[in-house]
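Please read the structure below before turning to the comments.
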Amino acid sequence: MPLAEHLHQRGLRELGQCQDAGQVITLIGPDQPRFWSHFTASPEYVDGLPNPLDRWSVRVITPIAAAMDGEAIFPSDGPPYAPFYSWALATGRCWTSPVGFLVHDDAGLFVSFRAAIRHPGRGDAARSPSPCDICVTQPCQTACPVDALVDEYDVAVCKTYLRGAKGTGCMTHGCAARRACPVGQGRRKPQQAAFHMEAFL
Ligand code: B12
């Protein structure tokens with residue numbers, strides 16, 4: 001079965017490929033909005049143990065990687081962390097957005113990775129322009145209610161705001177700057193956004 005079909009059956013998809021040390025890195029992410037119902041139907045979602053989504057990812061993606069004679073690598077493995085940000089840039093399908101987060105040609109600022117699969121073969125890096133190049137208003141730059149993304153991302157300012165009464169909007173719908181991105185808008189369910197924000201705090 002082709003990789004794309006394995007992933008589709010699990011609510012996942014390929015987000016890009018690059019070469020690394022003579023092998024291919026295929027980046028895997030959620031196929032929104034189908035992904036959320038796959039995950040919430042899993043034993044990990046309800047078992048009450050820590051890190052349910054990371055555990056789901058390991059259980060589901062490890063055998064898919066093995067079926068391709070590959071190795072699964074997870075973003076939370078570390079420190080030291082695998083260079084997901086650099087791999088994402090090398091695919092030619094992700095760029096550094098004006099606010100520092102990655103932006104993907106189709107998933108926009110809500111791009112995230114569940115794993116990478118390192119496997120034999122030749123990578124298929126894309127060469128398209130960044131969507132930010134033609135984004136006239138760049139709403140991500142002004143959407144953060146506390147300007148935490150001006151210059152370096154100020155994680156402390158962001159978290160203090162999220163913990164306060166006014167942070168409810170970002171906590172329940174996801175980061176306002178990421179939501180403002182016109183690319184792929186509205187595909188991530190609020191329940192999923194809230195789940196990630198809770199984990200981030
Ligand atoms: C540590 C980490 C953080 C730290 C520190 C970020 C930082 N200042 O670097 C904290 C906890 C703050 C963080 C926050 C978030 N992160 Co983070 N984080 C990581 C993690 C696990 C490791 C990064 C790393 O050190 N890599 C190792 C180095 C050697 O390799 P590299 O990645 O190629 O290095 C580059 C990056 O570090 C980059 N970089 C430098 N400064 C910054 C700042 C930011 C904000 C980012 C995104 C990258 C970045 O420059 C390096 C050279 O190119 C990666 C996953 C991974 N394994 O890479 C996710 C990752 C970068 N984060 C991600 C996400 C989704 C988030 C959150 C949005 C989580 C959430 N709420 O869902 C938040 C942001 C808060 C918000 N507003 O919503 C995504 C990328 C999303 C995107 N569009 O950019 C990644 C890839 C994880 C994933 N599973 O997809 N994160």
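Note: hydrogens, waters and symmetry copies are ignored here, and every other heavy atom, side chains too, is used. One-based numbering, in listed order, for ligands and for the atoms of each. Note that the coordinates shown come from a computational prediction; the quantities given were computed from them, not determined experimentally.
Compare Phe74, Phe113, Phe110 by their heavy atoms: the one nearest to atom 90 (O) of ligand 1 is in Phe113. Ranked by closest heavy atom to atom 84 (O) of ligand 1, the top entry among Leu201, Leu102, Val111 is Leu102.
Not a single N or O atom of Trp87, backbone or side chain, sits closer than 3.5 Å to an N or O atom of ligand 1. At least one N/O-N/O distance between Ala82 and ligand 1 falls below 3.5 Å. Where the criterion is an N or O separation shorter than 3.5 Å, residue side chain and backbone included, Arg188 fails it with respect to ligand 1. Between Tyr153 and ligand 1, a contact under 3.5 Å exists for at least one N or O pair. When only interatomic distances are considered, the shortest N/O to N/O separation between Phe200 and ligand 1 does not fall below 3.5 Å.
Arg179 contributes a side-chain N or O that, together with a main-chain N or O of Gly174, makes up a donor-acceptor pair within less than 3.5 Å.
Taking SG from Cys132 and CG from Leu109, the interatomic distance works out to 7.0 Å, rounded to the nearest 0.5 Å. Note that the OG1 atom of Thr26 and the CD1 atom of Ile64 stand 12.0 Å from one another [nearest 0.5 Å]. For the atom pair Arg114 CZ and Leu12 CG, the distance stands at 9.0 Å (nearest 0.5 Å). Taking CG of Leu15 as the start and SG of Cys94 as the end, the distance is 7.0 Å to the nearest 0.5 Å. For the atom pair Cys175 SG and Arg188 CZ, the distance stands at 10.0 Å (nearest 0.5 Å).
The contact set between ligand 1 and Ser112, taken as ligand atoms under 4.0 Å from a residue heavy atom, comprises 90 (O). If you number the atoms of ligand 1 from 1 as listed, the ones under 4.0 Å from a heavy atom of Val155 come out as 12 (C). Of all the atoms in ligand 1, the ones that sit under 4.0 Å from a non-hydrogen atom of Pro75 are 21 (C), 55 (C), 56 (C), 57 (N), 89 (N).
Within a 4.0 Å radius of atom 18 (N) of ligand 1, the protein contributes no non-hydrogen atoms. At a distance under 4.0 Å, no protein heavy atom can be found next to atom 54 (C) of ligand 1. When distances from atom 76 (C) of ligand 1 to the protein are checked, a heavy atom turns up under 4.0 Å. Protein heavy atoms are found inside the 4.0 Å sphere centred on atom 57 (N) of ligand 1. There is a protein heavy atom closer than 4.0 angstrom to atom 86 (C) of ligand 1. Counting only heavy atoms, the protein gets under 4.0 Å from atom 45 (C) of ligand 1. Atom 60 (C) of ligand 1 is never approached by the protein to below 4.0 angstrom, counting heavy atoms only. By the definition of a contact as any protein heavy atom under 4.0 Å away, atom 2 (C) of ligand 1 is not in contact.
Taking the six-membered ring where tryptophan is involved, the planes of Trp36 and His196 are tilted, since the angle between them lies from 30° to 60°.
Arg55 and Asp47 are joined by a salt bridge, as a carboxylate oxygen and a charged side-chain nitrogen come within less than 4.0 angstrom of each other. Of the charged side-chain nitrogens involved, at least one lies within less than 4.0 Å of a carboxylate oxygen, so that Asp106 and Arg13 count as a salt-bridged pair. Salt-bridge check for Glu71 with Arg118: passed, with a basic side-chain N closer than 4.0 Å to an acidic carboxylate O.
Given atom 78 (O) of ligand 1, the protein heavy atom at minimum distance is Cys175 CB, 3.5 Å. The nearest protein atom to atom 51 (C) of ligand 1, hydrogens excluded, is given as Tyr85 CD2, 4.5 Å; this is a heavy-atom distance.
Ring centers of Phe113 and Phe74: at least 6.0 Å apart, outside the cut-off.
Clustering ILVMFWY residues whenever any of their side-chain heavy atoms sit less than 4.5 angstrom apart, transitively, puts Phe35 in a cluster other than the one holding Met197.
Geometrically, Lys159 engages Phe200 in a cation-pi contact, judged by NZ or CZ lying under 6.0 Å from the ring centre and within 45° of the ring axis.
Looking at Leu109 against ligand 1, only its backbone comes within 4.0 Å, counting heavy atoms.
A heavy-atom separation below 4.0 Å is found between Arg178 and ligand 1.
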